[in-house]
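Structure first, commentary second.
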Amino acid sequence: MANPDLEIDGGEGFPPAVEALRDRVRAADCFLFASPEHNYSVTASLKNALDWASRGKRNCWADRAAAIVCAGGDFGGARASLHLRQIGVFLDLHFINKPELHIRAFADPPKFDGEGNLIDVETRERLKKVLLSLQAFALRLQHNNKDD
Ligand SMILES: Cc1cc2nc3c(=O)[nH]c(=O)nc-3n(C[C@H](O)[C@H](O)[C@H](O)COP(=O)(O)O)c2cc1C
């Protein structure tokens, strides 16, 4: 669990697994958060990753494009998605607004096969639109940042 007591030299360094996570976050052009909803919010493991990579002298998430896809019960994880957007305000993550993808994972027709692969054709199309929107926004943001 994210714990400042485990930071080295006041945030100059981190445990090896955290350094590896932070390196990957720093190297990414953009982020696709794909998550279930746990008790109306993001999962503890996702929050932990968000917290660790936000620590130290540099918040590793800052100024990058992001998109969210969620799966859950009747609301398709929408409440977790809104909490993630709220967290992203402080982290300086820039989420695409549309399209949204909240998958009602337990409603017919089945959306996933037994191994968790997304098999529903309509949902796959929507996912494609999310990815294209994320790509376009990430490129726009990178272009604008170069001009700064
Ligand atoms: C601790 C816990 C809390 C959960 N809370 C929610 C919730 O608030 N809303 C929701 O739609 N689903 C909730 N779920 C169900 C998850 O959405 C579901 O576990 C997830 O979609 C993954 O499906 P699976 O458990 O069949 O792998 C919860 C599951 C767990 C384990």
Side-chain angles (χ1 to χ4, degrees), residues 1-8 10-11 13-142:
M1 195 177 70
N3 179 352
D5 291 347
L6 301 177
E7 294 174 7
I8 300 154
F14 296 89
V18 176
E19 291 286 9
L21 168 73
R22 291 172 60 88
D23 285 347
R24 293 186 68 173
V25 171
R26 267 195 297 264
D29 292 321
C30 61
F31 307 103
L32 177 69
F33 292 96
S35 176
E37 178 173 281
H38 278 181
N39 295 321
Y40 283 20
S41 189
V42 297
T43 61
S45 52
L46 175 55
K47 184 62 165 54
N48 194 35
L50 289 163
D51 288 348
W52 267 129
S54 75
R55 295 288 302 167
K57 296 220 169 352
R58 185 162 165 241
N59 158 25
C60 301
W61 303 103
D63 221 18
R64 240 79 54 77
I68 306 169
V69 297
C70 284
D74 284 347
F75 286 87
R79 291 162 296 216
S81 156
L82 291 175
H83 272 190
L84 182 50
R85 282 179 184 273
Q86 180 183 330
I87 295 163
V89 172
F90 190 66
L91 300 182
D92 283 329
L93 277 167
H94 305 296
F95 289 104
I96 61 164
N97 289 326
K98 296 185 193 74
E100 294 183 313
L101 181 51
H102 302 133
I103 304 171
R104 295 176 64 208
F106 311 111
D108 282 333
K111 309 294 184 299
F112 300 96
D113 67 14
E115 290 174 350
N117 298 306
L118 183 61
I119 53 167
D120 181 63
V121 175
E122 197 181 319
T123 310
R124 287 173 70 100
E125 274 310 304
R126 285 180 64 87
L127 178 60
K128 202 184 286 178
K129 287 184 179 144
V130 170
L131 292 172
L132 288 171
S133 174
L134 174 60
Q135 181 189 41
F137 186 46
L139 289 171
R140 216 166 81 210
L141 205 60
Q142 283 173 359

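One-based numbering, in listed order, for ligands and for the atoms of each. One-based numbering along the sequence shown. Keep in mind that this is a model prediction, so the values were computed, not measured.
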Q.
I want to check something: taking the side chain as every heavy atom from C-beta on, are Asn97 and Arg85 in contact at a cut-off of under 4.5 Å?
A.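 A side-chain contact under 4.5 Å exists here.
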Q) Do the non-hydrogen side-chain atoms of Leu84 and Leu46 ever get within less than 4.5 Å of each other? A)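 Side chain of Leu84 against side chain of Leu46, heavy atoms only: contact under 4.5 Å found.
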Q.
Is it the case that ligand 1 has an N or O less than 3.5 angstrom from some N or O of Asp74?
A.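 No: no nitrogen or oxygen of Asp74 is under 3.5 Å from one in ligand 1.
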Q. Is it true that Arg55 and Asp51 have a side-chain N and a carboxylate O under 4.0 angstrom from each other?
A.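 Salt bridge between Arg55 and Asp51, a charged N being under 4.0 Å from a carboxylate O: no.
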As a test of the contact definition, would [atom] count as having a protein heavy-atom neighbour under 4.0 Å?
atom: atom 19 (O) of ligand 1; answer: no
atom: atom 27 (O) of ligand 1; answer: no
atom: atom 14 (N) of ligand 1; answer: yes
atom: atom 9 (N) of ligand 1; answer: yes

Q: Can you sort out the partners of Phe33 under ring pair (Phe, Tyr, Trp, His ring centres under 6.0 Å), two or more places apart, ordered by chain and number?
A: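 Partners of Phe33 under the ring pair (Phe, Tyr, Trp, His ring centres under 6.0 Å) test: Trp61.
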Q. In this structure, which one of Val130, Leu127, Val69 forms a side-chain contact (heavy atoms from CB on, under 4.5 Å) with Pro99?
A.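 Of all the options given, the one that passes is Val130.
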Q. If every non-hydrogen atom of Gly88 is compared with every non-hydrogen atom of Phe95, which pair is closest and at what distance?
A.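 So the two residues come closest at CA-CE1, 3.9 Å.
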Q: Search all heavy atoms of Glu7 against all heavy atoms of Phe14 and return the closest pair with its distance.
A: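 Taking Glu7 first and Phe14 second, the nearest heavy atoms are CG-CE2, 3.6 Å.
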Q: Work out whether the distance between some heavy atom of Phe75 and some atom of ligand 1 is less than 4.0 Å.
A: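 The answer is no, since Phe75 has no heavy atom less than 4.0 Å from ligand 1.
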Where ligand 1 meets [X] - atom numbers and elements under 4.0 angstrom, heavy-atom basis:
X: Tyr40; result: 7 (C), 8 (O)
X: Pro36; result: 20 (C), 21 (O)
X: Gly72; result: 11 (O), 17 (O)

Q | CZ/Arg26: more than 12 non-hydrogen atoms of other groups inside 6.0 Å | A |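 Yes, because the 6.0 Å sphere around CZ of Arg26 holds more than 12 heavy atoms from other groups.
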Q | Side chain, backbone, both or neither: Phe106 near ligand 1, heavy atoms under 4.0 Å | A |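 Answer for Phe106: side chain.
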Q: Report the part of Ala105 in contact with ligand 1, treating N, CA, C, O as backbone and CB onward as side chain, heavy atoms under 4.0 Å; options are side chain, backbone, both, neither.
A: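 For Ala105, no heavy atom sits under 4.0 Å from ligand 1.
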How far is [atom] from its nearest protein heavy atom, and which residue and atom name does that atom have?
atom: atom 11 (O) of ligand 1; value: Gly73 N, 2.7 Å
atom: atom 2 (C) of ligand 1; value: His38 CD2, 3.5 Å
atom: atom 16 (C) of ligand 1; value: Glu37 O, 3.7 Å
atom: atom 5 (N) of ligand 1; value: Asn39 N, 2.7 Å

Q. Donor-acceptor pair, Glu37 side chain versus Arg79 backbone, under 3.5 Å?
A.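 At least one qualifying donor-acceptor pair exists.
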Compile the donor-acceptor pairs under 3.5 Å between side chains in residues 131-142 and protein atoms, sequence neighbours left out, one pair per line.
residue : atom : partner : partner atom : Å
Ser133  : OG   : Lys98   : O            : 3.2
Gln142  : NE2  : Asp29   : OD1          : 3.4

